[in-house]
Amino acid sequence: MAPLAISEFLDPTPAALSEQWTSVLARQIPPPKTNQVNFVPSEVVLSLCASLLVDHSRFGSGSAHRAGMPVQHLARLFKRPPTSFIAKMANLDGSRSNGGRHEVEVAARMLSDSELLQDIYLRILRSARLHGIDEVALPDFLGLEHGEVLWLAGQEELVESEIEKSLELTLQKWSKVRDDIPIETTQRLLTSTVRVGQHRFAEGVLRNHQHRCVFCGLSANIGGRRRPRLLTASHIKPWRDSTGKERLDHRNGFTACRPTTSPLTQD
């Protein structure tokens, strides 16, 4: 099989996506102790998209079955154990060094460009629907299929200079142990990983407070739709002063109204 080109991840054609879904639908669950088929590009991208919701580092081989949406859906659809998707997420963020060719670069480019990530995600979903894969089998887990825009929560709390400072030692370590990755790609990936972690933290804080402002009780659920941009989720102990664990702990957070916005201006 010829090596995959990076364009197959970042600019898939309708024909290529159709071929991938046809092959996925024809899959059989492999017998125990046999090798699984390789991940197709759309499968890799969906694993990356799932990392916006699921922190793979919280799960191991014995707990992957407890990973939340959409890991179990992807496992059933692609006929793989949940551990495969947890491992793929680790490949994509570089914490495991045996990922496929282009995967770290794909993650770095897509996570740092929300418009690109949204575009490819929607292309994959549209192709899936054309192949009869409905929202039960493959949920729109990023909530973008009906005109919404991808938005990472909690980013207003982050300051670029503070992110760079926090990553200095990690970047030095990566430059020594992952010399197969260009330093620019590494820096982009690590910065994006911080922002994704902040997004998961903020989403956890919003859920913890029932999507309401802790001060005035304003709800982000209006007219049957959730409007997350009405609220901001921030750390109680500031991000810059928190440990890595505290930065991801939703108990170290609160929700509040955005002081410069009005519900009337929200979409």
TODO: Check the angle between the aromatic planes of Phe201 and His235 and answer parallel, tilted or perpendicular using the 30° and 60° thresholds.
DONE: parallel
Open item on the list: Less than 4.0 angstrom from a charged side-chain N to a carboxylate O is my criterion; do Lys245 and Asp249 meet it?
Closed with: no
Task: Salt-bridge contact Arg195-Glu160 (side-chain N to carboxylate O under 4.0 Å) - done: yes
Open item on the list: Can you confirm if the aromatic rings of Tyr121 and Phe141 lie within a centre distance of less than 6.0 Å?
Closed with: yes
Open item on the list: More than 12 heavy atoms of other residues, nucleotides or ligands under 6.0 Å from CD of Gln187: yes or no?
Closed with: no
Open item on the list: Testing the basics here: between Ser219 and Arg212, what is the closest heavy-atom pair and its distance to 0.1 Å?
Closed with: CB-NH1, 3.6 Å
TODO: Determine whether the side chains of Gln198 and Arg247 contain a donor N or O and an acceptor N or O closer than 3.5 Å.
DONE: no
- [ ] Look only at the side chain of Thr255 and the backbone of His209, and say whether a donor-acceptor pair between them is shorter than 3.5 Å.
- [x] no
Open item on the list: Please find the pair of heavy atoms, one from Gly204 and one from His250, that lie closest to each other, and give the distance.
Closed with: C-CB, 3.6 Å
Task: CD (Gln28) with more than 12 external heavy atoms under 6.0 Å - done: no
TODO: Using a strict 4.0 Å threshold on nitrogen-to-oxygen distance, state whether Arg129 and Glu145 make a salt bridge.
DONE: yes
Open item on the list: If the threshold is 4.0 Å, N to carboxylate O, is there a salt bridge linking Lys88 and Glu103?
Closed with: yes
TODO: Determine yes or no for a side-chain-to-main-chain donor-acceptor pair under 3.5 angstrom, with Thr243 supplying the side chain and Glu246 the backbone.
DONE: yes
Between side-chain atoms of residues 105-112 and protein atoms elsewhere (two or more places apart, or another chain), which donor-acceptor pairs fall under 3.5 Å?
unit_1	atom_1	unit_2	atom_2	d
Ser112	OG	Ala108	O	2.7
Ser112	OG	Arg109	O	3.2

Open item on the list: Restricting to non-hydrogen atoms, name the atom on Ser127 and the atom on Trp21 that form the minimum distance, rounded to 0.1 Å.
Closed with: OG-CD1, 3.2 Å
Task: Shortest non-hydrogen contact from Gln118 toward Glu148 - done: NE2-O, 3.6 Å
- [ ] Examine the side chains of Glu157 and Ser234 and answer whether a donor and an acceptor come within less than 3.5 Å of each other.
- [x] no
Open item on the list: Between Glu164 and Arg188, does any NZ, NE, NH1 or NH2 come within less than 4.0 Å of an OD or OE carboxylate oxygen?
Closed with: no
